[in-house]
**Student:** 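The following block contains the structure, expressed as C-alpha cells.
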Amino acid sequence: RQCGYCFFDKQMSINMSENIKDRLGLENDLVTAVKNNEFELYYQPKISCITQAVTGVEALIRWHHPTRGLVPPDDFISIAEDTGQILQLGNWVLDESMRQQREWHKAGLTIPVSINISAHQFNADDLMMNVSEMLVKHGCDPAMIELEITESMLLGNADKVNQTLHQLSAMGIKLALDDFGTGYSNLAYLQKYPLDILKIDRAFLGDQTRSMLMGTILDMGRVLGLKVVAEGVETKAQVNWLVENGCDQMQGFYYSQPLPVAGITDYLISYCTP
Ligand code: C2E
Ligand code: CA
Ligand code: CA
Ligand code: CA
C-alpha cells in the first residue's frame with residue numbers, strides 16, 4: 001500500500017465527516033434561529049449609471065450564530081433549501097424587508113427594496129398569498145418591491161412558472177433575473193416571461209473578453225426592454241465602462257458593502273435627499 005495515498009484518503013474522510021457534522025450542526029441550529037431572532041437583513045444600494053443616485057437597495061440576509069458568529073448566506077441558504085426551512089426563513093425575509101421599506105417610506109425615504117427568492121419559495125403554492133399578505137400587513141406599494149429569482153427557477157413547468165410570474169407582475173411587483181449568465185441560459189424565456197430587470201453576474205465584469213460579452217448583454221437588455229443591473233462593481237474603471245456602454249444600474253463594493261439598517265439609512269439620507 002502506498003503511504004501517501006492512505007494518508008490523503010484518511011485526511012479526506014476526516015474532512016468529509018467534519019463537513020457533515022458541520023452541516024448537521026447548522027441544520028439543527030436553523031430550527032431555532034428564526035424564533036431566537038438570530039437573523040438580520042443587511043442592505044446594499046444600487047446606483048443609477050446616468051444620475052449616480054441611489055435607485056434601490058437589495059436585502060441580504062445575515063445569521064448571527066450564538067457560537068459561530070456571523071454565518072454568511074452561502075453557508076446556510078442551501079442547507080435551508082434542502083431541509084425546507086427556507087420557506088419559514090423566506091417568509092421572515094419578506095416580512096422584515098417590507099416592514100423596513102414601509103418604515104423608510106414613513107420617514108420620507110421612499111426606496112425600492114429587492115428581495116431574494118429561493119427556488120423552494122418560488123415553487124410553493126402559497127408564494128402569491130404570502131407576498132400579498134405581507135404587502136397588506138405593512139401597507140407597501142407593490143411597485144416598490146422587486147423580487148429576485150434565478151435562471152434555474154425558470155426551468156420548471158413552463159405553465160406554472162408563467163402563471164406565477166404573471167400573477168406577481170399583475171400585482172405590480174417588479175421581477176429581476178439574478179446572476180444572469182451563470183446558469184443554464186435559454187434566451188427564449190427573456191422574451192416569454194414578464195421580467196423587468198436583468199442582473200448580470202459579476203463574473204462578466206472581469207477581463208476584456210468578458211467586457212465584450214457584457215456589451216452584448218447590454219444590447220440584448222435594450223432590445224428586450226429590460227433594465228440591466230451590473231453586480232459586483234468594485235473599481236472606477238468598471239464604473240466608467242458601464243456608464244459609457246449604457247448600463248442602467250450598478251451595485252458593488254465600489255459604492256458600498258451591504259450595510260445594517262443604521263448604516264444604509266445614513267447612506268440613503270446622504271445620497272437621496274438634496
Ligand atoms: P446574490 O443575490 O447574487 O447577492 C450578491 C452577493 O454579492 C452578496 O453576497 C453581496 O454581498 C456580494 N457582493 C456585492 N457587491 C460585491 C462586490 O463588489 N464584490 C464581491 N466580491 N461581492 C459583492 P452575500 O450577501 O454573501 O449573499 C450571497 C448569496 O446568498 C446571494 O447572492 C443570494 O443568492 C443569497 N442570499 C442572500 N440573502 C438572501 C435571502 O434573503 N434569501 C435568499 N433566498 N437568498 C439570499
Ligand atoms: Ca440577488
Ligand atoms: Ca446576483
Ligand atoms: Ca449569487
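Both counts, for ligands and for their atoms, begin at 1 and track the order of listing. None of these values were measured; they are calculated from a predicted model.
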**Student:** So which of Pro73, Pro72, Ser256 gets nearest to atom 27 (O) of ligand 1, if we judge by its closest heavy atom?
**Tutor:** Pro73

**Student:** Tell me, with the steps shown, if Glu103 and Lys106 meet salt bridge (Lys or Arg N to Asp or Glu O under 4.0 Å).
**Tutor:** CA-CA 5 Å; Glu103 193 177 311; Lys106 285 190 283 191; over 6 Å; no

**Student:** Do the charged groups of Lys137 and Asp95 touch, with an N to O distance under 4.0 Å?
**Tutor:** yes

**Student:** Distance alone, cut at 3.5 Å: any donor-acceptor contact between the side chains of Thr110 and Trp104?
**Tutor:**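 The answer is no; no qualifying pair exists.
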
**Student:** Can we say Glu234 and Arg202 salt-bridge, meaning some charged N sits less than 4.0 Å from an Asp/Glu carboxylate O?
**Tutor:** no

**Student:** Give every donor-acceptor pair under 3.5 Å between a side-chain atom in residues 253-261 and any protein atom, sequence neighbours left out.
**Tutor:**
| from | atom 1 | to | atom 2 | distance (Å) |
| --- | --- | --- | --- | --- |
| Tyr255 | OH | Gln52 | OE1 | 3.0 |

**Student:** Does ligand 1 have any atom sitting under 4.0 Å from a heavy atom of Arg62?
**Tutor:** yes

**Student:** Under 4.0 Å from any heavy atom of Asp74, which atoms of ligand 1 are there?
**Tutor:** 28 (C), 29 (C), 30 (O)

**Student:** Looking at residues at least two apart in the chain, or sitting in another chain, which of them share a side chain to side chain contact (heavy atoms under 4.5 Å, CB included) with Thr83?
**Tutor:** Glu27, Ile79, Gln85

**Student:** Which residues and atoms, protein N, O or S only, are under 3.0 Å from the Ca ion (ligand 2)?
**Tutor:**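 Only Glu58 OE2, Asn116 OD1, Glu148 OE1, Asp178 OD2 fall inside 3.0 Å of the Ca ion (ligand 2).
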
**Student:** N/O to N/O below 3.5 Å, does that happen between Phe253 and ligand 1?
**Tutor:** yes

**Student:** At under 4.0 Å between heavy atoms, is it the side chain or the backbone of Asp179 that contacts ligand 1, or both, or neither?
**Tutor:**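 It is the side chain that gets close, since no backbone atom is under 4.0 Å.
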
**Student:** How does Val93 reach ligand 1, if at all, at less than 4.0 Å between non-hydrogen atoms: by side chain, backbone, both, or neither?
**Tutor:** side chain

**Student:** With distance as the sole test, does Lys174 use its side chain to make a donor-acceptor pair with the main-chain N or O of Ser114 at under 3.5 Å?
**Tutor:** no

**Student:** Would you indicate which of Glu81, Glu231, Glu234, Gln238 comes nearest to atom 20 (C) of ligand 1 when only heavy atoms are counted?
**Tutor:** Glu234

**Student:** Within the structure, does Ile77 bring an N/O atom to less than 3.5 angstrom of an N/O atom in ligand 1?
**Tutor:** no

**Student:** Side chain of Gln249, backbone of Thr55: donor and acceptor closer than 3.5 Å?
**Tutor:**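 Not confirmed, Gln249 side chain does not pair with Thr55 backbone.
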
**Student:** Gly90: heavy atom below 4.0 Å from ligand 1, yes or no?
**Tutor:** no

**Student:** Are any of the N/O atoms in Glu148 less than 3.5 Å from those in ligand 1?
**Tutor:**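 In this structure, Glu148 places no N or O atom under 3.5 Å from an N or O of ligand 1.
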
**Student:** May I ask you to check whether Asn116 has an N/O atom sitting below 3.5 Å from an N/O atom of ligand 1?
**Tutor:** yes

**Student:** Is Gln257 touching ligand 1 with its side chain, its backbone, both, or neither, if touching means heavy atoms under 4.0 Å apart?
**Tutor:** neither

**Student:** Compare all side-chain heavy atoms of Leu70 with those of His64 and state whether any distance is below 4.5 angstrom.
**Tutor:**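 Leu70 vs His64: side chains touch.
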
**Student:** Which residues satisfy the side chain to side chain contact (heavy atoms under 4.5 Å, CB included) test with Lys192, sequence neighbours excluded?
**Tutor:** Ala158

**Student:** Considering all heavy atoms of both residues, which atom of Glu231 and which atom of Asp179 are nearest to each other, and what is their separation?
**Tutor:** OE1-OD1, 3.5 Å

**Student:** Just heavy atoms, cut-off under 4.0 Å: does Gln121 contact ligand 1 by side chain, backbone, both, or neither?
**Tutor:** neither

**Student:** So, is Glu58 polar-close to ligand 1, with some N/O to N/O distance under 3.5 Å?
**Tutor:** yes

**Student:** Between Asp178 (side chain only) and Ile149 (backbone N and O only), is there a donor and an acceptor less than 3.5 Å apart?
**Tutor:** no

**Student:** Is there side-chain contact between Leu89 and Val34, with heavy atoms separated by less than 4.5 Å?
**Tutor:** yes

**Student:** Check Glu146 with Lys46, please: is the shortest side-chain N to carboxylate O separation under 4.0 Å?
**Tutor:**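 Result for this pair is yes, salt bridge flagged.
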
**Student:** When you measure from the heavy atoms of Pro258 to every atom of ligand 1, does any distance fall below 4.0 Å?
**Tutor:** yes

**Student:** Using a 4.0 Å heavy-atom cut-off, which part of Gln44 comes near ligand 1: side chain, backbone, both, or neither?
**Tutor:** side chain

**Student:** Heavy atoms, side chains only, cut-off 4.5 Å: are Thr150 and Phe122 in contact?
**Tutor:** no

**Student:** Where does Leu41 meet ligand 1, judged by heavy-atom distances below 4.0 Å: at the side chain, the backbone, both, or neither?
**Tutor:**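 No part of Leu41 is near ligand 1 at this cut-off.
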
**Student:** Which of the atoms of ligand 1 are close to Ser118, meaning less than 4.0 Å from one of its heavy atoms?
**Tutor:** 44 (N)

